[in-house]
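If you're wondering where the values come from, they're calculated on a predicted model, not measured in any experiment. We count ligands from 1, going down the list as the structure has it; atoms in each ligand are counted the same way.
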Amino acid sequence: MTVRSTIKKGVDYLETSSTETPFLLLDSAKIRQKARLIGRNISKAEVFYAVKANSHPEVLALINQLGLGFEVASEGELRLLLKLGVSPGRIISSNPIKTCLFLQEAGEAGIGYFAFDTRDEADRLTSFCPGSNVYVRLSVPNEGSQWPLSKKFGVELEEARDLLLYAGEAGLSPAGLTFHVGSQCANPYNWDAALDKAARLWEMAAKAGLKLNLLNIGGGYPIHYTKDVVEIETIERRIDRRVKNIFPPEIRILLEPGRAVIGDAGLFVTSVIGKANRIGENWMYLDVGVFNGLMESVGGIRYSYLSESAGPLRKWTLAGPSCDSFDVIDHEIELPEPEIGDHLIILGCGAYTTCYASEFNGFSIPRTVLV
Ligand SMILES: *Cc1c(COP(=O)(O)O)cnc(C)c1O
């Protein structure tokens, strides 16, 4: 299955429905394909979809139907899943710092697996979710990932071991560890470095009398935006080989993909709402911008665009509809000169777009259409 079939769905939908732009079209066939692919090349991998990538209820219902588990960070995400009837046994939370409200609701719901990386968090888990399984967030290199996550969370080896011991003394069940190599990670060596570090913690814990059994390797699998990225199969075969070499065979492996499940299954269908030439620079204004869907462009994600326009090719600065000068999506993008009202399709928009969006300046968040 290629990106073409998703684009065709977007164009067909635009032509056959009277839907106004902007909208986010999600290709359910592509989501199914990715859900089948992810985890297939790692022995005994259990896959938990990171809900924050796209928490639209229809997306969650489809992913639930496909049999994946879920990773949540907040009471809001937890409530969405419980409303869909997802069993608490298929929900984990890897947010190292959780609110008391979330912990209380997670405890009441019977969620049994949590990340942590401070003593305070272990104490809170002990009071709200007594006896639960906990895994410590290890700090690992994030070089070469588009969206580094390494500074905000994670501890070094000795502290990680001490936290696991502390959790055990507090009556929690110290199960293992987690890490995140960074989102949109194009550097397969990050997983090597992270797994090697994880294996050192495993040994240090064993020496301290702790037998760990859970290795949660987080998310980070990349998708195609404008550049080719390493295939998920390649990353997974590499991970699988290394895990077999350096961990005991009875280990449980958890994966938490977000972007890779949903990102390339989605495209924005937008309209050109204006154009201008300002001091020699061509500006094209769209009905989706930084605030109502394309926030990740600010962090360096570059998208691919398809135009239906027929004018001469020019380089454009692409901007969103709001009056804020921060609302610029991309620069130097070669596209044909549009007429006002022409459509522009933006690829790779399934993850971290609508769920990131606000109605700033009165522009609505694009509707989600799952086909
Ligand atoms: C965001 C997040 C993920 C998903 O990351 P992707 O890069 O989208 O795969 C997984 N686990 C945790 C703890 C996260 O915060």
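- Heavy-atom contacts of G219 reach the following atoms of ligand 1: 5 (O), 9 (O), 10 (C) (cutoff under 4.0 Å).
- Below 4.0 Å from some heavy atom of H180 lie the following atoms of ligand 1, by number and element: 2 (C), 3 (C), 4 (C), 5 (O), 7 (O), 10 (C), 11 (N), 12 (C), 14 (C).
- Between S183 and ligand 1, an N or O atom pair is found at a separation short of 3.5 Å.
- For ligand 1, the atoms closer than 4.0 angstrom to any heavy atom of R259 are 6 (P), 8 (O), 9 (O).
- Near Y352, meaning under 4.0 Å from any of its heavy atoms, are these atoms of ligand 1: 1 (C), 4 (C), 5 (O), 6 (P), 8 (O).
- Remark: among candidates K52, R137, E71, the nearest residue to atom 14 (C) of ligand 1 is K52, based on non-hydrogen atoms.
- Ring centroid separation for the pair Y225 and Y303 comes in under the 6.0 Å cut-off.
- Inspection of the T226 and R302 side chains reveals no N or O donor paired with an N or O acceptor under 3.5 Å.
- Ring planes of F102 and F114: perpendicular class, angle over 60° (limits at 30 and 60°).
- Close approach to G220 involves these atoms of ligand 1, each under 4.0 Å from a residue heavy atom: 5 (O), 6 (P), 7 (O), 9 (O).
- In this structure, R119 forms a cation-pi arrangement with Y166, its terminal cationic atom sitting closer than 6.0 Å to the ring centre and no more than 45° off the ring axis.
- Residue P257 approaches ligand 1 through these ligand atoms, each under 4.0 Å from one of its heavy atoms: 9 (O).
- Which parts of ligand 1 touch G258 is read off a 4.0 Å heavy-atom cut-off, strictly below it: atoms 4 (C), 6 (P), 8 (O), 9 (O).
- Atoms of ligand 1 lying under 4.0 Å from at least one heavy atom of A50, given by number and element, are 3 (C), 4 (C), 10 (C).
- For the residue pair S43/K244, the side-chain donor-acceptor check at 3.5 Å is satisfied.
- Heavy atoms of other residues, nucleotides or ligands lying less than 6.0 angstrom from NZ of K44 number more than 12.
- Only one option out of I345, L347, I333, T270 pairs with Y305 in a side-chain contact (heavy atoms from CB on, under 4.5 Å); it is I333.
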